[in-house]
K.L.:
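Below is the structure I would like to discuss, written out as structure tokens.
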Amino acid sequence: MKQQVRTIPGKLVDFDYYGYRLPTFVMQFKPSVYQDGDCYYAVLSFEEEHDVSGLGTSPEDALIDWNDKVCEMLALSGPLRTSLSTKNK
């Protein structure tokens, strides 16, 4: 599968993940953090169609939002969950 370049707004933030008490998924996957003006984005991208991103007014808020989205994704039922589970076989 051809990888596509994804444009993320703003600049990459050098974030110290160990300086904060962050959720388990954040510490395990360490999504990248970007700043665009007053907004921060936490992004982990395997493929463009499977991005997981969070938004916040600080890097920590964006990472917590990202963690919440991962938890929501893992709790999904139906076609998406079936699609994700069959990809891993």
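A quick note: this is a predicted structure, and the numbers were derived from the prediction, not measured.
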K.L.:
Determine, step by step, whether Y40 and V13 satisfy the side chain to side chain contact (heavy atoms under 4.5 Å, CB included) criterion, reporting the C-alpha distance in whole Å, the side-chain angles of both residues, the deciding distance to 0.1 Å, and the verdict.
P.N.:
CA-CA 9 Å; Y40 290 85; V13 174; 4.2 Å; yes

K.L.:
Can you give me the closest heavy-atom contact between L63 and L22, atom names plus distance?
P.N.:
CD1-CD1, 4.1 Å

K.L.:
Would you check if V43 and P31 make a side-chain contact, meaning some heavy-atom pair closer than 4.5 Å?
P.N.:
no

K.L.:
Could you measure the distance from the CD1 atom of I64 to the CG atom of L55? Nearest 0.5 Å is fine.
P.N.:
13.0 Å

K.L.:
Are more than 12 heavy atoms from other residues, nucleotides or ligands located less than 6.0 Å from atom CG of D16?
P.N.:
yes

K.L.:
Could you tell me which non-hydrogen atom of G10 sits nearest to which non-hydrogen atom of D36, and how far apart they are?
P.N.:
CA-CB, 3.9 Å

K.L.:
Heavy atoms, side chains only, cut-off 4.5 Å: are S32 and L12 in contact?
P.N.:
yes

K.L.:
Shortest non-hydrogen contact from D61 to G56?
P.N.:
CB-CA, 3.9 Å

K.L.:
Under the side-chain hydrogen bond (donor to acceptor under 3.5 Å, both in side chains) definition, can you give me all pairs with a residue in residues 17-26, not counting sequence neighbours?
P.N.:
Y18-K30, Y20-E60

K.L.:
Working note: F29 + V70, criterion side chain to side chain contact (heavy atoms under 4.5 Å, CB included); need CA distance, chi angles, decisive distance, verdict.
P.N.:
CA-CA 11 Å; F29 293 105; V70 169; 5.7 Å; no

K.L.:
Scan residues 62-71 for pairs that pass side-chain hydrogen bond (donor to acceptor under 3.5 Å, both in side chains), counting only residues two or more places apart or in two chains.
P.N.:
D65-K69

